[in-house]
Amino acid sequence: MIEIEKKSTLVIGYGNSLRSDDGIGQKIAIALSQLNLKNLTAIATHQLTPELVEKIIQFEQIIFIDAQINSEKIKINKIENINSYTQQNWTHHLNPISLINLTNNLYNKFPQGWLITIPIKNTNFGEQISPEVKIMAENIINNIGKNFLN
């Protein structure tokens, strides 16, 4: 895992919690919020919406956590070069780049952004998380937590 700088951080875990592993982003956000870590706030949500901008502007760093099908390992990507991305329609379903871009356009604020994706296979109806996905989630929680302890 990469080391994340210690500053005010918002974690947004998103995905469909009723589609098994797809809800892992939300579960990680809930677990992080229960740790009460200094400088860390976490939100669990079904999808990214424009309303999140009001929260994002309060933080220096945003970490998005989502599930990814057809991947073999956890990926951590810094969100960069947002000005080259144009959103065609502002709907109630955005991606991390478009959400940070919207924050920049509305408030001239550019928080540092990261996207952590977790490989999943099971998207069947239900709330059960696969054992291998649980292990990856615990790894993410522990590594983010280490960087934000007092």
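- Under the side chain to side chain contact (heavy atoms under 4.5 Å, CB included) test applied with Ile56, the options Ile43, Asn104, Thr103 reduce to a single match, Thr103.
- With a 4.5 Å cut-off on side-chain heavy atoms, Gln26 and His46 count as touching.
- Under the 3.5 Å distance criterion, with hydrogens and angles disregarded, a donor-acceptor pair is assigned to the side chains of Ser130 and Asp21.
- Here the shortest heavy-atom pairing between Asp22 and Ala67 reads OD1-CB, 3.7 Å.
- Note that CD of Glu51 is 11.0 Å distant from CG of Leu48, once rounded to the nearest 0.5 Å.
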Please list, one pair per line, the donor and acceptor atoms closer than 3.5 Å that link side chains of residues 12-20 to other protein atoms, with sequence neighbours excluded.
from: Asn16; atom 1: OD1; to: Leu18; atom 2: N; distance (Å): 2.9
from: Arg19; atom 1: NE; to: Thr123; atom 2: O; distance (Å): 2.5
from: Arg19; atom 1: NH2; to: Thr123; atom 2: O; distance (Å): 2.8
from: Ser20; atom 1: OG; to: Asn124; atom 2: O; distance (Å): 2.7

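- One distance of note links CG of Asn95 with CG of Asp66; it measures 10.0 Å at 0.5 Å rounding.
- Within the 4.5 Å cutoff, side-chain heavy atoms of Thr41 are placed close to those of Phe59.
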- Task: Evaluate side chain to side chain contact (heavy atoms under 4.5 Å, CB included) for Asn105 paired with Asn101, printing each intermediate quantity in order.
- Result: CA-CA 6 Å; Asn105 288 338; Asn101 194 31; 3.9 Å; yes
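- Here the side chains of Ser8 and Gln58 are not in contact, with every heavy-atom distance at 4.5 Å or above.
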- Task: Please report the C-alpha distance between Ile79 and Trp114 in whole Å, then the side-chain angles of each, then the deciding distance to 0.1 Å, and finally whether the side chain to side chain contact (heavy atoms under 4.5 Å, CB included) criterion is met.
- Result: CA-CA 5 Å; Ile79 298 171; Trp114 299 90; 5.8 Å; no
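- By the 4.5 Å heavy-atom criterion applied to side chains, Lys75 and Gln68 are counted as neighbours.
- At least one side-chain heavy atom of Ile65 sits under 4.5 Å from a side-chain heavy atom of Ile144.
- Between the side chain of Lys109 and the backbone N or O of Ile57, at least one donor-acceptor pair lies under 3.5 Å.
- With a 4.5 Å cut-off on side-chain heavy atoms, Thr117 and Ile74 do not count as touching.
- Closest non-hydrogen pair, Ala42 versus Ala29, comes out as CB-O, 3.3 Å.
- The shortest heavy-atom contact between Leu94 and Ser98 is CB-OG, 3.3 Å.
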- Task: Apply the test salt bridge (Lys or Arg N to Asp or Glu O under 4.0 Å) to residues Lys121 and Glu72: give CA-CA distance (whole Å), side-chain angles for both, the deciding distance (0.1 Å), then the verdict.
- Result: CA-CA 10 Å; Lys121 303 233 185 292; Glu72 297 301 320; 3.7 Å; yes
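- A 4.5 Å side-chain heavy-atom check between Ile62 and Leu10 finds at least one atom pair inside the cut-off.
- In this structure, Asn142 contributes its side chain and Glu138 its backbone to a donor-acceptor pair below 3.5 Å.
- Put simply, Ile118 and Ile30 are part of two different groups of oily side chains (I, L, V, M, F, W, Y) that touch within less than 4.5 Å, one to the next.
- Using a 4.5 Å heavy-atom cutoff, the side chains of Phe110 and Glu60 are not in contact.
- Distance CD1/Ile140 to CD1/Ile28: 4.0 Å, rounded to 0.5 Å.
- In this structure, OG1 on Thr49 lies 4.0 Å from CG on Leu52, to the nearest 0.5 angstrom.
- For Gln128, the CD atom is loosely surrounded, since the number of other residues' heavy atoms within 6.0 Å does not exceed 12.
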